[in-house]
Amino acid sequence: MSFAWVDYVNYLIRERGTTMKTKYSAGAVLLALFGLVLVAPVAPVQAAEEESAIARGGKLYDKWWAENGTVKPEGKHAAYPIKDGKYANHNSFRCKECHGWDYRGKDGAYKSGSHASGIKGVSAMAGKDPSAIEAILRDKNHAFTDAQLSAADRRDLALFVTKGQVDYSPYYEGKVAKGNAGQGEAYFNTICAGCHGRDGKKVRDAPPLGSVADNVPEMLHKILNGQPNESMPALRALDVKIAVDLATYMQTLPSE
């Protein structure tokens, strides 16, 4: 411990008078202060670590084999009900393909269109025991093996499903995000532009951000959790309105 602490405690005892001096010794006060230094950071650190695990779970929800580096699955998932279709292939193994970017499955954005599979979402699982989700990932319906999702993968994915879902419905209508584009521009230029470019077209193996920004739940999911197996930061620890402002500004970027 630095002598500055000792000096400070002695100063308190000297300046506060005999009452403090008689009730507390310098050693006792130092011990109390030292205890605060040791104990106080524990809860925030644990919370931060859980947030990072939740964000990783969000990336696994997006495309687990890209995030954990396992082999891309072949064919279609046995539980995927559509025999032939655009996504009746390895994409059917993605959690988002069945349950949607808005986590509502057949009751959300995937109730119609090419992604419609009739499968319910995971929104009802929010707040549940993560161990229950881990078990579901191993059941006969999902049947993920250890080679596909490790115990750590299942834990992080379960944390995302139970503690990481965000209700996006207040933040967009149709294909339009309902944030502050001006504020979003400031966030984008200071957080995102370094990799994506100010026009959103810098990443060569990805489409221009302006061309995909109309899928607001997808944009919000990726802003909050990051892109699988990429260095893109997850903004989950920040206010969700920052993500909404970013998504709103991205809709002003060029699509070509």
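Model, not experiment: these values are computed from the prediction. In what follows, residues are counted from 1 in the order of the sequence shown.
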**Request:** Start with the C-alpha gap between Asn225 and Asp62, add the side-chain angles, then the distance that decides, and say whether side-chain contact (heavy atoms from CB on, under 4.5 Å) holds.
**Result:** CA-CA 9 Å; Asn225 301 293; Asp62 181 340; over 6 Å; no
May I ask whether [X] and [Y] are part of the same hydrophobic cluster, defined by side-chain heavy atoms of I, L, V, M, F, W, Y residues being less than 4.5 angstrom apart, directly or through others?
| X | Y | answer |
| --- | --- | --- |
| Val240 | Tyr249 | no |
| Tyr110 | Val212 | no |
| Ile119 | Leu157 | no |
| Leu235 | Val166 | no |
| Phe188 | Val244 | no |

**Request:** Using a cut-off of 6.0 Å, state whether more than 12 heavy atoms not belonging to Lys178 lie near its atom NZ.
**Result:**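 Count over threshold, so yes.
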**Request:** Kindly say whether the aromatic ring centers of Phe160 and His221 come within a distance under 6.0 Å.
**Result:**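 Aromatic pair counts; centres sit under 6.0 Å.
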**Prompt:** Given the side-chain rings of His77 and Phe144, with only the six-membered ring counted for Trp, is the space between their centroids under 6.0 Å?
**Reply:**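 That pair passes the under 6.0 Å test.
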Taking every non-hydrogen atom, the tightest pair across [X] and [Y]:
| X | Y | result |
| --- | --- | --- |
| Ala158 | Pro130 | CB-O, 3.3 Å |
| Pro228 | Lys63 | CB-O, 4.0 Å |
| Glu67 | Gln227 | OE1-O, 4.5 Å |
| Tyr80 | Cys98 | CD1-SG, 3.9 Å |

Quick one: does [X]'s side chain get under 4.5 Å of [Y]'s, heavy atoms only?
| X | Y | answer |
| --- | --- | --- |
| Tyr87 | His115 | yes |
| Asp167 | Tyr103 | no |
| Gln183 | Leu246 | no |
| Trp65 | Gln148 | no |
| Met232 | Val203 | no |
| Thr70 | Trp64 | yes |
| Val216 | Tyr168 | no |
| Ile54 | Lys163 | yes |

Output yes when a side-chain donor or acceptor of [X] lies under 3.5 Å from a complementary backbone atom of [Y], and no otherwise.
| X | Y | answer |
| --- | --- | --- |
| Lys111 | Gly105 | no |
| Arg154 | Glu134 | no |
| Lys202 | Gly194 | yes |
| Gln251 | Ala213 | yes |
| Asp153 | Ser150 | yes |
| Gln165 | Val161 | yes |
| Ser92 | Ala88 | no |
| Ser255 | Ser211 | no |
| Glu97 | Asn91 | no |

**Asked** Side-chain donor-acceptor pair under 3.5 Å between Asn180 and Asp245, yes or no?
**Response**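 No donor-acceptor contact under 3.5 Å links the two side chains.
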[X] side, atom [atom1]; [Y] side, atom [atom2] - distance, nearest 0.5 Å:
| X | Y | atom1 | atom2 | result |
| --- | --- | --- | --- | --- |
| Arg198 | Asn189 | CZ | CG | 4.0 Å |
| Leu220 | Met250 | CG | CE | 8.0 Å |
| Leu159 | Glu50 | CG | CD | 5.5 Å |
| Lys96 | Glu218 | NZ | CD | 6.5 Å |
| Leu149 | Arg138 | CG | CZ | 9.5 Å |
| Asn141 | Leu137 | CG | CG | 10.5 Å |

Ion pair present between [X] and [Y], side-chain N to carboxylate O less than 4.0 angstrom?
| X | Y | value |
| --- | --- | --- |
| Asp156 | Arg56 | yes |
| Lys120 | Asp107 | no |
| Asp84 | Lys76 | no |

